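Following: one structure in structure tokens, then a few remarks.
What you see is a predicted model; the values in this text were computed from it and never measured. Numbering of ligands and ligand atoms starts at 1, following listing order.
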Amino acid sequence: MSPKHVEAMYDAVIIGAGAAGLSAALGLVRSPRFEQAKAEGRDPSILVISKLQPLRSHTGSAEGGIAASLGNVEHDDWHWHYYDTVKGGDWLVDQDAAKLLAQDAPATVINLERSGVVFSRTEDGRIAQRRFGGHTADFGRQPVRRAAYAADRVGHQILHALWQQCVAEGIEFAEEWYVTDLVLDEGRTRVEGVVAFDTHTGEVHAVHARNVMMATGGAGRLFHTTSNSWDLTGDGMALALDAGLQLEDVEFVQFHPTGLAHTGILLSEAARAEGGVLRNADGEAFMERYAPGHADLAARDVVSRAIRAETDAGRGVADPKDPDGRRDCVWLDMTGIDADHMAEVLPQVVETIRKYADLDPTKDYVPVKPTAHYTMGGIPVTTDGEAYRWIDGGRRIVDGLFAAGECSCVSVHGANRLGGNSLLDACLFGTRAGEALAARIADAATAKKTADAGTDAADRVEAAADARTAEVKRLLAQAASAAPTGDADDAPADDADTATDDNAYRLMADLGTTMEQAVAVRCDGRSIDEALEAIAADLAPRASALHPHSDSPAFNQELTAIWEARHLTELGRTMLLACRSRRESRGSLYRTDFPERDDERFLAHSMTDADAAIAWQPVHIDDMPPQARTY
Ligand SMILES: Cc1cc2nc3c(=O)[nH]c(=O)nc-3n(C[C@H](O)[C@H](O)[C@H](O)COP(=O)(O)OP(=O)(O)OC[C@H]3O[C@@H](n4cnc5c(N)ncnc54)[C@H](O)[C@@H]3O)c2cc1C
């Protein structure tokens with residue numbers, strides 16, 4: 001579905017149709033303020049733009065659960081969810097935001113249920129919940145079941161339910177449109193619109209908007225081994241950098257402990273929650289040594305580091321499908337789980353293991369290794385989703401610009417996210433951002449101010465669209481002139497090595513290897529510098545020189561892949577710069593040259609822009625001063 005025509009001015013444009021974007025769209029149109037605007041005779045125009053058909057968004061891959069202290073589980077209470085979130089994030093969490101997350105989690109889950117999410121049920125008919133890493137009561141002493149689940153396909157349920165609700169509300173989508181530019185005013189104080197490329201036709205659209213919300217998801221494709229789908233190329237974060245904005249805490253990338261060997265495909269934490277155990281080459285359930293209290297269900301950064309320590313010590317196992325026989329995996333032993341129960345609550349995990357590893361988890365040990373999973377950092381936002389810049393020690397809101405979900409950083413995950421908190425973040429803060437958008441639209445004074453702003457804004461959005469149109473023309477002309485043997489549609493040869501035969505996919509693969517070697521699970525100053533050098537000397541120039549190999553404007557996937565590769569390269573560089581500046585170890589960032597957490601100097605959020613300027617924003621501490629973090 002695409003809009004029949006592009007409006008001269010939108011009241012709100014939402015980029016992304018995963019949990020965050022769809023929640024925002026629903027939060028907006030269901031807000032009483034939106035109703036009020038309509039009752040006053042205004043007819044606000046809203047558009048959701050997505051580079052994928054919405055139901056292909058990565059939210060649909062989420063497996064294990066969504067966290068909430070629903071009140072059904074003995075000992076649990078939102079205060080413990082709050083405590084666990086702050087501790088899980090190694091105290092780099094803004095406590096006002098984390099409190100909101102924990103307090104509003106039950107209402108968010110109930111709301112999802114009412115929207116049509118079919119949660120699994122307990123015997124007495126309540127929403128079923130399972131244990132998840134780092135979720136406890138009584139200051140970590142008591143594990144609790146806090147992740148509400150739908151077998152191991154909760155994301156599929158959530159995505160479909162939200163999308164159906166959006167369709168029912170008549171929300172307009174521009175599907176398979178790729179946003180190439182975020183346009184701000186010259187002073188970077190307010191948003192003016194976006195530029196979008198319709199992949200069906202190759203047409204470039206200038207989309208003027210009074211309010212824009214980024215909900216573009218994560219950037220797992222920065223790494224060779226990742227659980228993320230191919231589309232997670234950090235577009236929204238890179239667009240913010242391109243527009244002169246900063247990213248917050250972008251050095252923190254979560255590696256999930258149980259990626260299926262040789263593919264990186266996720267085997268949900270639910271596998272361990274239901275009784276799966278990690279074992280080394282000696283058959284030892286080694287997590288008991290690293291986290292005596294929580295063992296296999298310690299926080300993910302702790303488990304991933306433990307796996308790396310075991311493989312470094314020569315106790316790793318080889319992936320049977322790895323031709324080089326590297327012993328960089330450990331076993332996931334699920335044989336202790338009752339086979340019928342496994343089939344009922346972990347169907348996705350079982351299917352993935354059977355399909356991609358030819359193994360039967362009821363009988364076989366499964367080789368796993370850490371896989372890049374989640375970006376804790378992103379576009380800095382307030383708890384109402386307003387994007388801001390950190391300037392001269394204060395937050396300056398970028399008028400009309402919002403963000404939510406994995407591309408944003410409201411700072412509830414700090415240096416390491418707890419399982420189940422991400423869907424919650426996307427749905428809860430997505431909804432809040434939608435409500436804030438509705439308030440802006442309804443507010444007559446604001447509407448007038450931004451409408452006025454819109455008049456002189458037109459040129460900048462139009463100019464950005466013209467520049468993009470010219471670029472597309474140039475790229476397609478290059479494709480035509482570089483076509484090898486007369487057939488411009490030939491796929492690029494895999495073994496070609498000249499500059500004209502380089503392609504976005506090879507570049508992304510090389511970048512993934514570089515990033516993985518430099519900063520996956522651990523790093524040091526030298527590995528960071530080497531990767532920065534590789535980007536400066538090789539990858540960035542190659543990214544600028546890329547061109548497609550087909551000159552067709554319609555459905556030319558290589559064109560969008562080029563923009564994605566450029567986005568990843570820029571984001572990778574920014575991430576490495578932030579890693580280099582944080583001279584301590586905290587959460588997912590483990591620097592072997594600075595192995596200790598250093599609260600004196602680094603209890604602060606890094607704010608990094610594309611010019612490599614790094615500022616530090618203090619962490620919002622309410623009632624939980626930093627403590628040692630043990631599991
Ligand atoms: C395999 C897997 C399992 C997971 N399991 C869980 C779990 O059990 N519990 C949990 O809490 N979390 C889980 N997560 C994390 C969670 O699913 C994600 O963080 C969350 O769904 C992100 O939602 P989102 O709306 O921010 O982004 P996404 O769902 O990734 O959506 C991004 C949207 O942005 C659009 N987009 C991106 N770039 C552009 C562009 N340039 N132009 C136009 N559109 C664009 C895309 O089309 C897409 O619609 C899991 C993640 C993975 C990968």
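In summary, Glu435 and Arg30 do not engage in a salt bridge, as defined by a charged side-chain N under 4.0 Å from a carboxylate O. Using a cutoff of 4.0 Å between basic side-chain nitrogens and carboxylate oxygens, Asp76 and Arg146 are scored as salt-bridged. A salt bridge links Arg153 with Glu351: the closest approach of a Lys/Arg side-chain nitrogen to an acidic carboxylate oxygen falls below 4.0 angstrom. Contact check on Arg566 versus Glu471 returns a salt bridge, with a Lys/Arg side-chain nitrogen under 4.0 Å from an Asp/Glu carboxylate oxygen.
Pairs passing the ring-ring contact (aromatic ring centres under 6.0 Å, His included) check and including a residue from residues 243-272, sequence neighbours excluded, read Phe223-Phe255, His256-His373.
Ring centroid separation for the pair Tyr178 and Trp563 comes in under the 6.0 Å cut-off.
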Give every pair made of an N or O atom of ligand 1 and a protein N or O atom lying under 3.5 Å apart, one pair per line with both atom names and the distance to 0.1 Å, or write 'none'.
{"from": "ligand 1", "atom 1": "5 (N)", "to": "Glu63", "atom 2": "N", "distance (Å)": "3.2"}
{"from": "ligand 1", "atom 1": "8 (O)", "to": "Glu63", "atom 2": "N", "distance (Å)": "3.4"}
{"from": "ligand 1", "atom 1": "8 (O)", "to": "Gly64", "atom 2": "N", "distance (Å)": "2.8"}
{"from": "ligand 1", "atom 1": "8 (O)", "to": "Gly65", "atom 2": "N", "distance (Å)": "3.1"}
{"from": "ligand 1", "atom 1": "9 (N)", "to": "Gly65", "atom 2": "O", "distance (Å)": "2.8"}
{"from": "ligand 1", "atom 1": "11 (O)", "to": "Gly420", "atom 2": "O", "distance (Å)": "3.4"}
{"from": "ligand 1", "atom 1": "11 (O)", "to": "Ser422", "atom 2": "N", "distance (Å)": "3.2"}
{"from": "ligand 1", "atom 1": "11 (O)", "to": "Leu423", "atom 2": "N", "distance (Å)": "2.8"}
{"from": "ligand 1", "atom 1": "19 (O)", "to": "Glu406", "atom 2": "OE1", "distance (Å)": "2.6"}
{"from": "ligand 1", "atom 1": "19 (O)", "to": "Ser422", "atom 2": "OG", "distance (Å)": "2.6"}
{"from": "ligand 1", "atom 1": "21 (O)", "to": "Thr59", "atom 2": "OG1", "distance (Å)": "2.8"}
{"from": "ligand 1", "atom 1": "23 (O)", "to": "Thr59", "atom 2": "OG1", "distance (Å)": "3.2"}
{"from": "ligand 1", "atom 1": "25 (O)", "to": "Ala19", "atom 2": "N", "distance (Å)": "3.1"}
{"from": "ligand 1", "atom 1": "25 (O)", "to": "Ala20", "atom 2": "N", "distance (Å)": "2.9"}
{"from": "ligand 1", "atom 1": "26 (O)", "to": "Glu406", "atom 2": "N", "distance (Å)": "2.9"}
{"from": "ligand 1", "atom 1": "29 (O)", "to": "Thr59", "atom 2": "N", "distance (Å)": "2.9"}
{"from": "ligand 1", "atom 1": "29 (O)", "to": "Thr59", "atom 2": "OG1", "distance (Å)": "2.5"}
{"from": "ligand 1", "atom 1": "34 (O)", "to": "Ala215", "atom 2": "O", "distance (Å)": "3.4"}
{"from": "ligand 1", "atom 1": "38 (N)", "to": "Asp235", "atom 2": "OD2", "distance (Å)": "3.2"}
{"from": "ligand 1", "atom 1": "41 (N)", "to": "Val179", "atom 2": "O", "distance (Å)": "3.3"}
{"from": "ligand 1", "atom 1": "41 (N)", "to": "Asp235", "atom 2": "OD2", "distance (Å)": "3.0"}
{"from": "ligand 1", "atom 1": "42 (N)", "to": "Val179", "atom 2": "N", "distance (Å)": "2.9"}
{"from": "ligand 1", "atom 1": "44 (N)", "to": "Lys51", "atom 2": "N", "distance (Å)": "2.9"}
{"from": "ligand 1", "atom 1": "47 (O)", "to": "Ser50", "atom 2": "OG", "distance (Å)": "2.8"}
{"from": "ligand 1", "atom 1": "47 (O)", "to": "Lys51", "atom 2": "N", "distance (Å)": "3.3"}
{"from": "ligand 1", "atom 1": "47 (O)", "to": "Leu52", "atom 2": "N", "distance (Å)": "3.1"}
{"from": "ligand 1", "atom 1": "49 (O)", "to": "Ala17", "atom 2": "N", "distance (Å)": "2.8"}
{"from": "ligand 1", "atom 1": "49 (O)", "to": "Ser50", "atom 2": "OG", "distance (Å)": "3.2"}
{"from": "ligand 1", "atom 1": "49 (O)", "to": "Ser57", "atom 2": "OG", "distance (Å)": "2.7"}

